> 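Attaching a single structure in structure tokens format; questions to follow.
Here the structure is a predicted model, which is why all the values come from computation and not from measurement. Here is how names work: the chains are called A, B, and so on, in the same order as the sequence lines, proteins then strands, and each is numbered from 1.
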There are 4 protein chains.
Amino acid sequence: MASDTEKLTESRYQPPEVRRRQILDAAARLAVDEGLANTSMARVAEVAGVAKGSIYLHFESRQQLIAGLQSDLWERMLEGPAEILVDESLSWSEKLDSVVEHWMRFELEHHGLYHAVFHTVPSSGDEPLAEARSLMERLLEQGAAAGEFNLDGLDIEVVLDFLLHAYIGPCFHQTDQAVAIDNVKRLFRRTVGAES
Amino acid sequence: MASDTEKLTESRYQPPEVRRRQILDAAARLAVDEGLANTSMARVAEVAGVAKGSIYLHFESRQQLIAGLQSDLWERMLEGPAEILVDESLSWSEKLDSVVEHWMRFELEHHGLYHAVFHTVPSSGDEPLAEARSLMERLLEQGAAAGEFNLDGLDIEVVLDFLLHAYIGPCFHQTDQAVAIDNVKRLFRRTVGAES
Amino acid sequence: MASDTEKLTESRYQPPEVRRRQILDAAARLAVDEGLANTSMARVAEVAGVAKGSIYLHFESRQQLIAGLQSDLWERMLEGPAEILVDESLSWSEKLDSVVEHWMRFELEHHGLYHAVFHTVPSSGDEPLAEARSLMERLLEQGAAAGEFNLDGLDIEVVLDFLLHAYIGPCFHQTDQAVAIDNVKRLFRRTVGAES
Amino acid sequence: MASDTEKLTESRYQPPEVRRRQILDAAARLAVDEGLANTSMARVAEVAGVAKGSIYLHFESRQQLIAGLQSDLWERMLEGPAEILVDESLSWSEKLDSVVEHWMRFELEHHGLYHAVFHTVPSSGDEPLAEARSLMERLLEQGAAAGEFNLDGLDIEVVLDFLLHAYIGPCFHQTDQAVAIDNVKRLFRRTVGAES
DNA sequence: AATGAATGAGGCTTCATTCAT
DNA sequence: GATGAATGAAGCCTCATTCAT
């Protein structure tokens with residue numbers, strides 16, 4: 001009965017993770033394009049190519065779906081830096097540079113999504129942010145301990161929060177990306193007292 | 001019975017600015033407490049102690065009400081720094097310090113509202129942000145021209161965006177405020193190359 | 001204290017009938033221009049140049065205002081024909097012609113208003129229409145009695161209703177008015193059997 | 001328990017056309033009974049026995065629902081006459097009679113609805129009316145060409161508009177229907193000059 | 001008498017969620 | 001498991017009417 005043209009359409013049955021990803025991707029796209037607040041379950045279903053009811057087989061509620069979007073983002077955001085930190089071949093300043101590079105590129109690439117997703121929402125708590133923090137914290141501490149950074153008289157928590165917000169600004173306005181990244185690297189170094 | 005200080009009880013008729021403020025205040029409180037997205041006109045009316053319809057005598061729509069919340073914030077945020085900039089008695093670094101002080105105190109005081117209000121929303125354009133930017137831009141340029149700041153090889157736009165986001169971070173976590181402000185002042189100086 | 005320019009504005013106090021007429025005229029204009037359903041008390045007040053509340057000094061409710069519009073129209077519509085009927089110098093056919101002329105001109109002039117006003121509304125009963133009917137009824141009966149009209153075997157009520165609706169049709173489409181009126185006169189004569 | 005004639009009880013799911021008709025019927029009934037302007041979506045839903053939101057599965061908006069009411073009426077109104085016109089067995093006068101018969105019966109049956117529906121509304125354009133017109137126009141022209149009607153010196157457009165409004169009058173007052181129809185047939189014949 | 005700010009019922013519409021198929 | 005018609009709470013806004021001034 002099956003004709004050979006029929007297989008071009010999405011098969012009706014998909015493994016759960018695939019469906020889940022389809023839905024998350026649709027939601028992410030819509031959140032960026034039309035704003036999270038304007039993204040209804042109906043639209044998500046439509047774009048994901050599933051029925052409205054089916055979303056509820058994978059997510060308990062709209063809230064949960066959005067939470068899914070969030071953890072998704074964090075996960076991807078933390079992938080790179082974790083490796084950077086343990087790379088023995090880099091100096092602390094270079095690690096700092098690498099983190100800037102990674103985060104800014106990520107931000108530049110996803111910032112529509114990032115900003116669409118991390119507001120509006122009774123954000124379920126910032127556990128993943130905490131992870132990013134602790135990552136940077138170690139970087140600062142170890143860089144300082146190694147004498148590469150100069151944080152004398154500064155509260156490391158404050159420096160941390162300063163940096164974690166600062167790099168986002170230059171991602172917005174469309175200057176040349178390479179220039180922006182390079183500039184921010186230098187400003188990070190200045191901030192931690194690593195500039196010659 | 002009527003004393004000359006009177007009016008603790010609500011009278012039915014209020015001058016427009018008073019009503020307007022009642023409504024804005026109610027909206028602000030709700031935006032902070034329950035999230036802007038969850039703040040319905042009905043709730044605002046309830047908290048403001050006016051009828052639902054009355055809001056529309058002062059704001060054309062929900063959008064306009066939110067826009068009102070925004071301009072309100074910006075207005076108050078820009079009051080101080082404008083004066084700082086023209087204060088001849090301060091060095092450029094001291095002016096930078098003053099701006100940090102002002103903005104951080106403002107942020108610390110309002111940041112619940114600030115963050116509730118400046119997202120979710122098809123923000124009516126960032127004209128006021130632009131104003132804050134141009135203010136800081138002049139500060140940086142003139143400080144650099146005066147030789148107090150060192151921005152060699154840096155794109156002033158990038159530095160600007162960097163700073164405008166950076167100070168917000170340290171406002172969140174409850175370290176000692178005085179310490180946080182002091183730290184951020186030093187970090188701002190480092191960023192613009194003004195530290196000895 | 002009164003300057004000489006002040007009197008150009010409408011004096012604040014007007015005799016009731018004048019105010020009443022101002023309001024009715026405003027309502028009529030709005031009903032024609034924007035549709036009766038879209039005509040709010042606020043708009044009427046605005047166009048009439050009075051306060052919203054003042055309308056209620058002259059009309060008990062919106063319903064009553066609309067009823068006022070209706071009787072107004074009927075009154076003017078019935079003015080002419082009543083005189084025609086008692087004019088001894090005219091034959092019955094000529095009287096019929098005159099009524100056609102009067103009503104069509106009235107309709108052509110007011111039909112926007114007419115159609116705006118006589119629908120939508122729980123029309124308070126058609127007492128004035130009854131008056132127009134009885135007028136025409138007498139015309140038909142007397143013309144028939146005089147041998148000018150031939151209504152043999154026809155129910156006079158039916159003929160009446162037929163005519164009272166028929167003339168309205170040709171008022172709509174913009175053929176030459178004079179032609180239309182002349183044609184309708186002939187058709188009325190045909191209908192009552194008065195054409196040679 | 002389930003009989004094969006079954007379904008006197010409402011089942012939750014109905015084919016779209018059935019639901020659509022339920023809603024249209026409810027709307028029609030309310031429009032007649034309480035006036036179109038007083039017919040809210042909530043009442044329609046209630047009378048139709050569906051949820052408020054369900055109406056929007058079948059009609060995009062209140063406007064569309066009302067438009068639906070209109071086309072419904074027109075459709076049924078135009079069914080008969082189209083056939084009459086091409087019936088070779090009838091003389092032109094008989095065709096005229098048939099159209100009168102059809103329209104008056106229709107009007108008598110539906111006129112509450114008819115008049116409730118065709119006012120108040122930014123009527124979506126009168127395309128269907130135009131269809132009724134062109135139908136009658138052909139009838140008049142061909143009857144005249146055949147020498148059965150005498151329209152000498154008359155503008156056919158005027159005659160048309162005259163007739164299209166005239167027959168509605170006698171539908172209102174409750175004389176004997178058969179008499180009314182018979183009378184109007186004769187008056188139509190007189191109007192087109194077809195009476196012996 | 002005149003005003004217009006204030007009221008609040010009620011209208012239209014959206015949308016997260018459910019559930020019979 | 002998948003579907004999407006059906007639901008109904010809740011949102012925004014309008015407007016006839018009232019009433020303190």
> Send over the distance from A:Phe59 CZ to F:dA2 P, rounded to a whole Å.
13 Å
> Is it true that C:Arg21 and C:Asp72 have a side-chain N and a carboxylate O under 4.0 angstrom from each other?
yes
> Could you identify the nucleotide paired to E:dA20, looking across every strand shown and requiring Watson-Crick or G-U wobble geometry with both distances under 3.5 Å?
F:dT3
> If only side-chain N and O atoms of B:His58 are considered, is one of them under 4.0 Å from the OP1 or OP2 phosphate oxygen of E:dA6?
yes
> Can you check whether any acceptor in the base of E:dG10 is under 3.5 Å from a donor in the side chain of B:Lys52, or vice versa?
yes
> Specify the separation, in whole Å, of atom CE of A:Met41 and atom P of F:dA6.
20 Å
> Considering only side-chain heavy atoms of D:Tyr56, which listed nucleotide, F:dA16, F:dC12, E:dT13, is closest?
E:dT13
> Using whole Å, what does the distance between atom P of nucleotide F:dA10 and atom CD of B:Glu46 come to?
13 Å
> In whole Å, what is the span from the CG atom of D:Asn38 to the P atom of E:dA9?
19 Å
> Return the value, rounded to whole Å, for the distance between atom CD of B:Gln63 and atom C1' of F:dG11.
14 Å
> For D:Ser54, which contact category applies under a 4.0 Å heavy-atom criterion: base, sugar-phosphate, or nothing?
base
> Tell me if a side-chain donor or acceptor on A:Thr39 pairs with a main-chain N or O of A:Gly35 at a distance below 3.5 Å.
yes
> Please compare C:Ser40 and D:Leu57 by the position of their nearest nucleotide in DNA chain F and report the one closer to 5'.
D:Leu57
> Can you check the C:Gln22 CD to E:dA2 P distance for me, whole Å?
10 Å
> Check this one for me: any side-chain N or O of D:Arg19 less than 4.0 Å away from OP1 or OP2 of F:dA6?
yes
> Separation of A:Glu60 atom CD from E:dT18 atom P, in whole Å?
10 Å
> Rounded to whole Å, please give me the gap between CD1 in B:Ile55 and P in F:dG11.
13 Å
> If you only use heavy atoms from C-beta on, which nucleotide in F:dC13, F:dT3, E:dT7 is closest to the side chain of B:Ala51?
E:dT7
> Could you tell me whether A:Arg43 and A:Glu34 make a salt bridge, using a distance below 4.0 angstrom between a side-chain N and a carboxylate O?
yes
> Both distances below 3.5 Å, Watson-Crick or wobble geometry, any strand: find the nucleotide opposite E:dA1.
none
